[in-house]
Q: 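Just dropping this structure here.
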Amino acid sequence: KSNVIGLIMGRKNANDRRKTRQQKKDKQQKKVQKETVKKSRAAAARKAQEDDDLDALLAEFRAADLALTTVQEKQSSGPTPRVSSTLVHMPSTDMLILYGGELNTGLKTTIFPELFTYNIKKNQWTTLSIPQPPPPRCGHQAVALPRLGGQMWVFGGEYASKSGAVFRHYNDLWVMHYKEKRWEQIESANAPPARSGHRMVAYLNFLVVFGGFQDDGKKAPKYFNDLYVFDIETYSWHQVSFPPVVAQPDPRSAAQMVGTPTGVLLTGGYQSKRSKGEAFTGVTHTDTWLLEATPITEEQVQQLTPKGKKAPANICAGYQWTWQRVRPSGTVPSPRCSVAAAIKGDGAMYSFGGVCDEETEDTLRGTCFDDLFALSLATVKWHAVTVKASKASSKSASAAVEPPRSRRRRGQQMVALAAAAESESESDSEDEDDEEDADVDVEGAAEGASTGALSAKAKTKAKAKSKDFVDVYATDGPSARMRATICFKGNTMFLYGGIFEDGDRQLTLGDFYSLDTNKLNGWNMLLRPRINRKQWQDEESSSSSEDDGEEDAAA
């Protein structure tokens, strides 16, 4: 009996020892895993800190720029997808200029320094590299003037870290002398505070800057309703101020603003306002204002100035500036912001697309638009512009995908996906070949042109690859979008890019169209808007990829 008891106790003790050893082993493994996670997080934090070091990133740009000592022009298939760039027509030429912009692919933000020219007659894009250019930027404004052989004036904008978490706003003013192919930074006192999302137009002999916002990523964005004018004859800034009792536009960004011979027209825009406590609510403005400048003599200024006081703050540079609220008639567009707007000659402002926000406590969604409107500056009357469907768009109808019309704005991790197959990186030749196959299949099927020219294997491969792509070419022209950019040469309107949605993803477009606004006989698509879903990455997809890699390594 005692032998049996001893045997049982021996087994129990052995089991206890094995259990204790296993517990120690498990504890050691957990310690190793914890240490591994800690090191991984520390490495990620160091990498994020490096990515968010704006001074280092801009220093890299300046170092690369020092190597450029001569003007270089190189033919291009067109700009890669980007948004918040500027597109202007250089007066008295057949050239358009596209400058700057940003691309967000979920986990990475890229701000572009590039300058492209587009020859309208030749349908040819060219990259134009000029020594000593401005630093990379997006959300800036550009105005083209005919003086001194052609000039493009650029003010403000922002630069962001690779993670998109840190921003730097600019208040610098640059001019690109087109004839000389030369950049010049204009140093002048009393410049506006740094900002992006503002508007700048030419009026009389001034550049007029209004609105915008400033965001340091730490506090709530600050929105502006200040007014600055830059005299292009004297190269001097002037702030135009108004007494609080005088009616003037509320602070806003992303408004529509155009300059005319008789005044500056402003409508719409977006502003985030504090509602309760720390909560903020987005406001989409619908009001319309006219800014006018009336010449004034020194004698008149003295008559308006009380004895011993300074002249009214709305008098500067030889003009008295006034805001006047106007109420347009006709078919007024629904409330929206981030609309593409440009003036056609001196007769009308054309507006395309935009977004209207619908905000809850946790999300910011909205409806994007694909409609076109025109506002007569003479009568201040809106009308909807109906464009006839072109033959090309009718052929591609079977390949078209109606875009989802919801969005989230940056601040809740704005996501953007780029890119048309033709603008893939040349360094990844295998992916380019796959995308070209997909293009052939999708576009050929859309036009009824798949006639057996491809092998069965190639067709199968192209069909499989085509599922990775979103074809956002709507049957009647550009798809619904926000933050596109447009400009005019004569009666022809040109439209580039914007943001399109595919579910919860915000996809950056690189498509390009023209439209004869007199004939309205269909949009002419100059760059096709095809997007590869596989280029999209967010934290979840990135984590999945890492997990897959770890499993493969373990196997």
Q: In plain terms, say whether Arg168 and Asp215 are close enough for a salt bridge, that is, a side-chain N and a carboxylate O under 4.0 Å apart.
A: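 Answer for the salt bridge query: no.
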Q: Would you check if the side chain of Arg82 reaches a backbone N or O of Phe112 as a donor-acceptor pair within less than 3.5 Å?
A: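 Checking the backbone N and O of Phe112 against the side chain of Arg82, no donor-acceptor pair under 3.5 Å is found.
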Q: Considering non-hydrogen atoms only, spot the tightest contact between Leu372 and Trp523 and give its length.
A: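 Smallest heavy-atom distance, with atoms named: CD2-CZ2, 4.4 Å.
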Q: List for me each residue that meets salt bridge (Lys or Arg N to Asp or Glu O under 4.0 Å) alongside Glu180, sequence neighbours excluded, and say none if there are none.
A: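 Only Arg182 meet the salt bridge (Lys or Arg N to Asp or Glu O under 4.0 Å) criterion with Glu180.
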Q: Could you tell me which residues satisfy side-chain contact (heavy atoms from CB on, under 4.5 Å) with Asp287, sequence neighbours excluded, listed by chain and number?
A: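 Partners of Asp287 by the side-chain contact (heavy atoms from CB on, under 4.5 Å) criterion, ordered by chain and then number, come out as Arg252, His285, Trp289, Arg325.
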Q: Write down the atom of Ala247, the atom of Trp323, and the distance for their closest heavy-atom approach.
A: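 Heavy atoms only, the tightest pair is O-CB, 3.9 Å.
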Q: Between Arg137 and Glu102, does any side-chain N to carboxylate O distance fall below 4.0 Å?
A: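 Here Arg137 does not pair with Glu102 in a salt bridge, since their nearest N and O are not under 4.0 Å apart.
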Q: Taking the six-membered ring of Tyr178 as reference, does the NZ or CZ atom of Lys181 fall below 6.0 Å from its centre and within a 45° cone about the axis?
A: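 Relative to the ring axis of Tyr178, which defines the angle, Lys181 lies inside both limits.
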Q: Using a 3.5 Å distance criterion without hydrogens, assess whether the side chain of Asn491 forms a donor-acceptor pair with backbone atoms of Asn518.
A: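 Side chain of Asn491 to backbone of Asn518, a donor-acceptor pair under 3.5 Å: no, none is there.
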Q: With a 3.5 Å cut-off and no angle check, do the side chains of His169 and Ser196 form a donor-acceptor pair?
A: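 The answer is yes; a qualifying pair exists.
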Q: When you measure from the side chain of Tyr99 to the backbone N and O of Met152, does any donor-acceptor pair fall under 3.5 Å?
A: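 Answer holds: no.
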Q: Looking only at heavy atoms, which two atoms of Tyr270 and Gly282 are closest? And how far apart?
A: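 Closest heavy-atom pair between Tyr270 and Gly282: OH-CA, 3.4 Å.
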Q: Is there a donor-acceptor pair closer than 3.5 Å between any side-chain N or O of Ser351 and the backbone N or O of Phe373?
A: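 Checked: no pair found.
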Q: Checking Phe242 against Trp321 for the ring-ring contact (aromatic ring centres under 6.0 Å, His included) test, could you report, in this order, the C-alpha distance in whole Å, the side-chain angles of both residues, the deciding distance, and whether it holds?
A: CA-CA 9 Å; Phe242 302 91; Trp321 302 78; 8.9 Å; no
Q: Measure from the side-chain N and O atoms of Thr127 to the backbone N and O of Lys74, and report whether any donor-acceptor pair falls under 3.5 Å.
A: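 Here the side-chain-to-backbone pair exists.
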Q: Is any side-chain heavy atom of Tyr496 less than 4.5 Å from a side-chain heavy atom of Ser85?
A: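 A side-chain contact under 4.5 Å exists here.
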Q: Does the side chain of Tyr513 pick up a donor-acceptor pair with the side chain of Asp511 at under 3.5 Å?
A: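 Per modelled atom types, Tyr513 and Asp511 side chains form a pair under 3.5 Å.
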Q: Any idea which heavy atoms bring Leu509 and Ser479 closest together, and the distance?
A: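 Minimum heavy-atom separation between Leu509 and Ser479: CD1-OG, 4.4 Å.
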Q: Should the ring pair Phe155 and His198 be called parallel, tilted or perpendicular, given that the plane angle runs from 0 to 90° and is split at 30 and 60?
A: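 Perpendicular, since the angle between the ring planes exceeds 60°.
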Q: For Arg483 and Ser84, test the side chains for any donor-to-acceptor distance below 3.5 angstrom and give the result as yes or no.
A: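 Yes.
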Q: Look only at the side chain of Asp231 and the backbone of Phe206, and say whether a donor-acceptor pair between them is shorter than 3.5 Å.
A: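 Not at all, since once roles are kept as given, no pair shorter than 3.5 Å links the two residues.
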Q: When the ring planes of Tyr228 and Trp237 are compared, do they come out parallel, tilted or perpendicular, using 30° and 60° as the limits?
A: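 The arrangement is perpendicular - the two ring planes meet at more than 60°.
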Q: Is Lys489 paired with Asp94 through a side-chain N to carboxylate O contact shorter than 4.0 Å?
A: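 Here Asp94 pairs with Lys489 in a salt bridge, since their nearest N and O are under 4.0 Å apart.
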Q: State whether the number of non-hydrogen atoms from other residues, nucleotides or ligands found under 6.0 Å of Glu292 atom CD is greater than 12.
A: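 Atom CD in Glu292 is crowded, with more than 12 foreign heavy atoms closer than 6.0 Å.
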Q: So which heavy atom on Ala142 is nearest to which on Val154, and how close?
A: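 Shortest heavy-atom separation between Ala142 and Val154 comes out as CB-CG2, 4.1 Å.
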Q: Find the distance between OG1 (Thr288) and CZ (Arg327) and round it off to the nearest 0.5 Å.
A: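 Rounded to the nearest 0.5 Å, the OG1-CZ separation comes to 9.5 Å.
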Q: Answer yes or no: is there a donor N or O on one side and an acceptor on the other, between the side chain of Ser161 and the main chain of Val166, under 3.5 Å?
A: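 Yes, because the side chain of Ser161 sits within donor-acceptor range (under 3.5 Å) of the backbone of Val166.
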Q: Look at the side chain of Gln214 and the backbone N and O of Ala194, then say whether any donor-acceptor pair between them is shorter than 3.5 Å.
A: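 Indeed, once roles are kept as given, a pair shorter than 3.5 Å links the two residues.
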Q: Main chain of Leu526, side chain of Arg528: is a donor-acceptor contact present, judged purely on distance under 3.5 Å?
A: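 Checked: no pair found.
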Q: Could you check whether the rings of Trp153 and Phe230 sit parallel, tilted or perpendicular, using 30° and 60° as the cut-offs?
A: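 Because their plane-to-plane angle lies in the 30° to 60° range, the rings of Trp153 and Phe230 count as tilted.
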Q: Could you check whether Arg336 makes a cation-pi contact with Phe369, meaning its NZ or CZ is under 6.0 Å from the centre of the six-membered ring and within 45° of the ring axis?
A: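 Satisfied, under 6.0 Å and within 45°.
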Q: Any donor-acceptor pair under 3.5 Å linking the side chain of Gln141 with the backbone of Met200?
A: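 Indeed, once roles are kept as given, a pair shorter than 3.5 Å links the two residues.
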Q: Do you know the tightest heavy-atom contact between Pro335 and Cys356?
A: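 Closest pair (atom of Pro335, atom of Cys356, distance): O-CB, 3.2 Å.
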